2 protein chains.
Amino acid sequence: MSDASELAAFAALLADRTRAAMCLALFDGRAWTAGELAAHAGVARSTATGHLDRLIGGGLLVEARQGRHRYVRLADPGVAGLLEDITARLEPGLPPARGLRAATADAALRRGRTCYDHLAGRLGVAVTDALTAAGVLDQAAGFAVTDDGLTWLTDRLGVAPDRLRAGRRPLARACLDWTERRSHLGGLAGARVCETFLDRRWVTRIGSGRAVRVTPAGQAALHELLGLTGLD
Amino acid sequence: MSDASELAAFAALLADRTRAAMCLALFDGRAWTAGELAAHAGVARSTATGHLDRLIGGGLLVEARQGRHRYVRLADPGVAGLLEDITARLEPGLPPARGLRAATADAALRRGRTCYDHLAGRLGVAVTDALTAAGVLDQAAGFAVTDDGLTWLTDRLGVAPDRLRAGRRPLARACLDWTERRSHLGGLAGARVCETFLDRRWVTRIGSGRAVRVTPAGQAALHELLGLTGLD
DNA sequence: GCGGCACTTCGGCGGGCGCCGAACCGTCGC
DNA sequence: GCGACGGTTCGGCGCCCGCCGAAGTGCCGC
């Protein structure tokens with residue numbers, strides 16, 4: 001009986017159009033700010049605050065406060081899997097490959113891929129770790145680009161300084177990688193890094209999808225630049 | 001966006017204590033009547049009617065009208081799996097084996113088992129099919145014991161007539177078998193058949209669980225009585 | 001065919017919940 | 001510092017939804 005109450009309480013988290021829209025948006029694996037989710041769902045920020053409180057309290061989401069921002073993402077891959085199971089049930093005929101499980105099944109995608117406009121997969125995590133080790137990123141401070149890091153990006157990597165001026169988009173953003181269960185670098189800096197790697201042919205796209213592969217030239221360059229090895 | 005509405009609408013089906021209690025009750029795989037579910041959930045019958053309409057309309061349950069009864073059960077194994085996934089999330093530490101998936105994994109259980117007090121699994125379905133072929137059961141009429149069937153149960157199988165008088169419990173009831181995706185015989189008649197098989201040592205329990213095995217004597221007897229073969 | 005039973009329909013009540021706007025608080029950038 | 005901005009708190013509004021009981025409808029058994 002109490003079991004039924006728990007089930008009902010859990011289901012109630014998703015039983016609201018606004019909260020459902022938030023969870024579906026977060027289904028992409030990225031961390032969103034409260035304001036972005038409010039805009040996405042079409043409600044006032046104050047309303048979004050309450051919904052996020054409930055979703056976090058219910059264990060579906062986790063938050064990371066960063067300055068005046070409240071970043072929020074799905075709590076764990078289990079939540080993503082559950083959402084996928086339910087939505088798959090809702091559209092029986094539709095693409096079975098839309099979700100993250102399909103990505104899991106594909107070794108190439110697991111190795112390396114783009115997530116929107118930045119690197120993800122093992123490659124994305126490896127690059128992020130190397131950037132952290134090199135002092136470019138400060139993960140302790142919640143995924144911030146350090147002052148030295150800015151210099152590194154412009155001088156070592158060769159990104160034009162004005163392309164790193166944060167406008168509406170945060171410079172660095174943590175993006176959770178389901179297949180790796182790790183965060184990798186998103187945001188403006190993540191996009192610039194990916195862009196540069198592609199420009200220089202350090203990585204190339206495989207086919208027309210999101211999968212990418214490190215080229216021989218890229219293996220040499222990334223070893224030279226970041227000490228990375230074993231990027232097949 | 002419309003996607004979010006659909007997800008919310010679906011989740012709303014389970015987001016009520018009463019409906020959740022109904023679904024959890026049906027999780028055992030049996031078909032319940034509307035009145036039974038109302039009593040189980042502790043609401044008026046009129047209230048239960050509305051809830052069942054919603055659950056059926058949403059595709060979680062299916063109904064089978066039979067006389068003045070409204071039998072209802074989970075729509076398909078996918079629903080059971082979904083419920084299992086969700087409840088497993090709610091009690092992370094608890095028995096991973098409570099559900100039906102565990103049964104699926106166990107070959108012995110898949111072959112033959114008891115479901116409450118009647119036979120299930122391949123054995124249960126085979127016996128039910130044979131009883132139907134022998135004219136004991138009329139599945140077209142919604143799982144009814146025929147007049148000839150009553151005679152068969154008493155004269156051929158040797159069940160005492162007064163043990164087949166239906167009281168509150170229906171004489172025959174369809175019980176859905178998840179592993180076989182087929183109905184098998186439950187209700188009073190199902191219990192008597194199972195009881196008789198066990199009494200005569202045609203089937204014996206394996207260990208202390210629900211799994212059962214057909215004995216050599218049982219194989220001979222069931223072949224003689226119902227033409228059944230291949231019951232290892 | 002007549003009572004009894006399972007279920008359904010309907011009207012009405014009450015509580016919960018989602019929504020907003022206004023005021024407030026902390027952080028960031030000039 | 002001071003304004004801008006993201007997020008939070010609070011009060012109040014309105015709707016939706018779950019609940020019941022009473023009356024109605026088929027179906028069953030005597």
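Remember, it's a predicted structure, so these values are computed and weren't measured experimentally.
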Hey, are the side chains of [X] and [Y] touching, using non-hydrogen atoms and a 4.5 Å cut-off?
X      : Y      : answer
A:L83  : A:L74  : yes
A:L153 : A:V193 : yes
A:L7   : A:D3   : no
A:L82  : A:F10  : yes
B:V145 : B:L164 : no
A:W152 : A:L131 : yes

Could you give the [atom1]-to-[atom2] distance, from [X] to [N], as a whole number of Å?
X     : N      : atom1 : atom2 : value
B:R17 : C:dG16 : CZ    : P     : 14 Å
A:L55 : C:dG18 : CG    : P     : 10 Å
A:L13 : C:dC17 : CG    : C1'   : 13 Å
A:H69 : C:dG29 : NE2   : C1'   : 12 Å
A:R70 : C:dC28 : CZ    : P     : 17 Å
B:L52 : C:dT9  : CG    : C1'   : 15 Å
A:D53 : C:dG18 : CG    : C1'   : 14 Å

Sequence-distant partners of [X], salt bridge (Lys or Arg N to Asp or Glu O under 4.0 Å), two or more places apart:
X     : value
B:D53 : B:R70
A:R54 : none
B:R45 : none

Could you write out each protein N or O paired with an N or O of nucleotides 18-20 of chain D at a distance under 3.5 Å?
unit_1 : atom_1 : unit_2 : atom_2 : d
D:dG18 : OP1    : B:R19  : NH1    : 3.1
D:dG18 : OP1    : B:R19  : NH2    : 2.8
D:dG18 : OP1    : B:R54  : NH1    : 3.1
D:dG18 : OP2    : B:R54  : NH1    : 2.9
D:dC19 : OP1    : B:T18  : OG1    : 2.7
D:dC19 : OP2    : B:H51  : NE2    : 2.3
D:dC20 : OP2    : B:A44  : N      : 2.9
D:dC20 : OP2    : B:T47  : OG1    : 3.0

Item checked: the helix from C:dG1-D:dC30 to C:dC30-D:dG1: angle between end helix axes, five pairs per end, rounded to 10 degrees -> 30°

Item checked: Matching residue for B:H51 among B:L13, B:D16, B:L61, B:L37 - test: side-chain contact (heavy atoms from CB on, under 4.5 Å) ->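 Answer after filtering B:L13, B:D16, B:L61, B:L37: B:D16.
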
Next item on the list: Spell out, as yes or no, whether a donor-acceptor pair under 3.5 Å connects the side chain of B:R163 to the backbone of B:R192.
Entry: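 Checked: no pair found.
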
Margin query: Please confirm whether the shortest side-chain N or O distance from A:R65 to OP1 or OP2 of D:dT8 is below 4.0 Å.
Written below: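 Looking at the OP1 and OP2 atoms of D:dT8, one of them is under 4.0 Å from a side-chain N or O of A:R65.
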
Between the protein and nucleotides 23-30 of chain D, list every N/O to N/O distance that falls short of 3.5 Å.
none

